[in-house]
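The block underneath contains the structure these notes are about, expressed in structure tokens.
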Amino acid sequence: MNFKVILAAAALLATQSFAIIGIGGHYAPGFGTKMKAGEFAPVTEGIEFGHDGFSGGMQGFGFKLWIDILPIIDIEATYNIQFGSYDAALYVDGVADPIPIEIELAGTPFGKANPKFVASNLDISITYPITFIPIIRPYIGGGFTYYLNTFVLNQSFVQGIIDEPAIADMVRSVANKEGLDPEALQQKAKELETLGETLKQRVQDKAADEGLNTSVGGHVLVGMRGKLPIIPIAVYTNFKYYFGGDYPKEIDAGNMTLEVGGGFAL
């Protein structure tokens, strides 16, 4: 067989193993992030608030756009969202049972549940392929990161909500269940639902007033993409280490994220 034909076929195979452009989605857990618990402390007369923490990491997901057509280097744009749940509750003096706080935040992919700390980041990365072998493309790189994160439902945040006579009276009324008959307990359940809706709205309003905490930093990464010839599907995995970024005082960021996903690549 003609050697030039073999060489041309091999070159064609290699070029079609890498995409000009690709877009995909991925699973993106964060590792090592911890949230410190907040001990119960007064937020208004006769009412205390406290919250638990979490440790070990955060669940997450993300989206990626990459461009391989540039000479020598490639470019990636990534947006990740990560979240961790924690328990929070109100205690009323003289009442044994706590009132758990459940929060439904508009604009987040979560329903009514325990409060969540949500962190997101936008990464712009420049990567350099380690080899140019067909099908598999390992690389190293780094770049710029724009951080966004939500508040933590801590004592000072809750104090601004509960330290209103009408809200504080609702909390005390809901908490006092001693000596009630079944019908009265049903009425208390309705009061608790009303309190939950009121607190939810107040938290949303206060969160909107405070806005997201934003900061800038960077990251380094090592990763790999794989794509079969002709087929417009690619898979990828990245491990990123972050630096910089500003977080609430309760958060000890782990700064490590794994991205595993795939998408369309042309």
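Source: prediction; values computed, not measured.
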Same apolar cluster: M224 and I130, side chain cutoff 4.5 Å: no

Atom pair CD/CD1 of Q59 and I81 - distance to nearest 0.5 Å: 13.5 Å

Residues, nucleotides or ligands: over 12 heavy atoms within 6.0 Å of F264 CZ: no

Pairwise side-chain contact, I251 with M35, heavy-atom cut-off 4.5 Å (strictly under): yes

Closest heavy-atom pair and its distance - G218, T145: C-OG1, 3.7 Å

Geometric class of the F151/F157 ring pair [parallel <30°, tilted 30-60°, perpendicular >60°]: parallel

ILVMFWY network linking L221 to Y79, side-chain heavy atoms under 4.5 angstrom: no

Distance, nearest 0.5 Å, that separates CE of M170 from CD1 of I162: 9.5 Å

Side chain to side chain donor-acceptor pair (under 3.5 Å) pairs, two or more places apart, involving residues 254-266: K64-E259, N80-E259, Q82-T257, N238-E259, K240-E259

Side chain to side chain, P100 and D87, heavy atoms closer than 4.5 Å: no

Heavy-atom closest pair, residues Q155 and G50: NE2-CA, 3.8 Å

N/O donor-acceptor pair under 3.5 Å between T78 side chain and D123 backbone: no

4.5 Å side-chain heavy-atom contact, E45 and R172: yes

T127 and W66, any side-chain heavy atoms less than 4.5 Å apart: no

Separation of L90 CG from F40 CZ (nearest 0.5 Å): 8.0 Å

Validation row: T237, F239 side chains within 4.5 angstrom (heavy atoms): no

Polar contact flag, side-chain donor to acceptor under 3.5 angstrom, S156-N154: yes

Common cluster, I75/I72, ILVMFWY with side-chain heavy-atom separation under 4.5 Å: no

Closest heavy-atom pair and its distance - A234, A265: CB-CB, 3.9 Å

Gap between atom CD1 of I67 and atom CD of E76 - 0.5 Å precision: 10.5 Å

Single-linkage hydrophobic cluster I167~V158, side-chain heavy atoms < 4.5 angstrom: yes

Y247 OH: over 12 foreign heavy atoms closer than 6.0 Å: yes

M256 atom CE: more than 12 heavy-atom contacts under 6.0 Å: yes

Point-to-point distance, once rounded to the nearest 0.5 Å, from CZ of F83 to CZ of F117: 13.0 Å

Pairing residues for F54 by the ring-ring contact (aromatic ring centres under 6.0 Å, His included) criterion, not counting sequence neighbours: none

Single-linkage hydrophobic cluster F31~V222, side-chain heavy atoms < 4.5 angstrom: yes

Closest contact, heavy atoms only, K227 versus I233: CG-O, 3.4 Å

Residues, nucleotides or ligands: over 12 heavy atoms within 6.0 Å of L258 CG: yes

F144 CZ: over 12 foreign heavy atoms closer than 6.0 Å: yes

Atom pair CZ (F243) and NE2 (H219), whose distance is rounded to the nearest 0.5 Å: 8.0 Å

Y139 and D74: side chain donor to acceptor below 3.5 Å: no

Check: G254 main-chain N/O paired with T33 side-chain donor or acceptor under 3.5 Å: yes

K36, NZ atom: more than 12 neighbouring heavy atoms under 6.0 Å: yes

R225 and its side-chain contact (heavy atoms from CB on, under 4.5 Å) partner, picked from I135, V235, D68, I136: D68

Y86: partners by ring-ring contact (aromatic ring centres under 6.0 Å, His included), with sequence neighbours left out: H51

Shortest non-hydrogen contact from S215 toward G245: OG-CA, 3.4 Å

N149 side-chain N/O to D246 backbone N/O, donor-acceptor pair under 3.5 Å: yes

Nearest atoms (heavy-atom pairs only) where L153 meets P115: CD2-CG, 3.8 Å

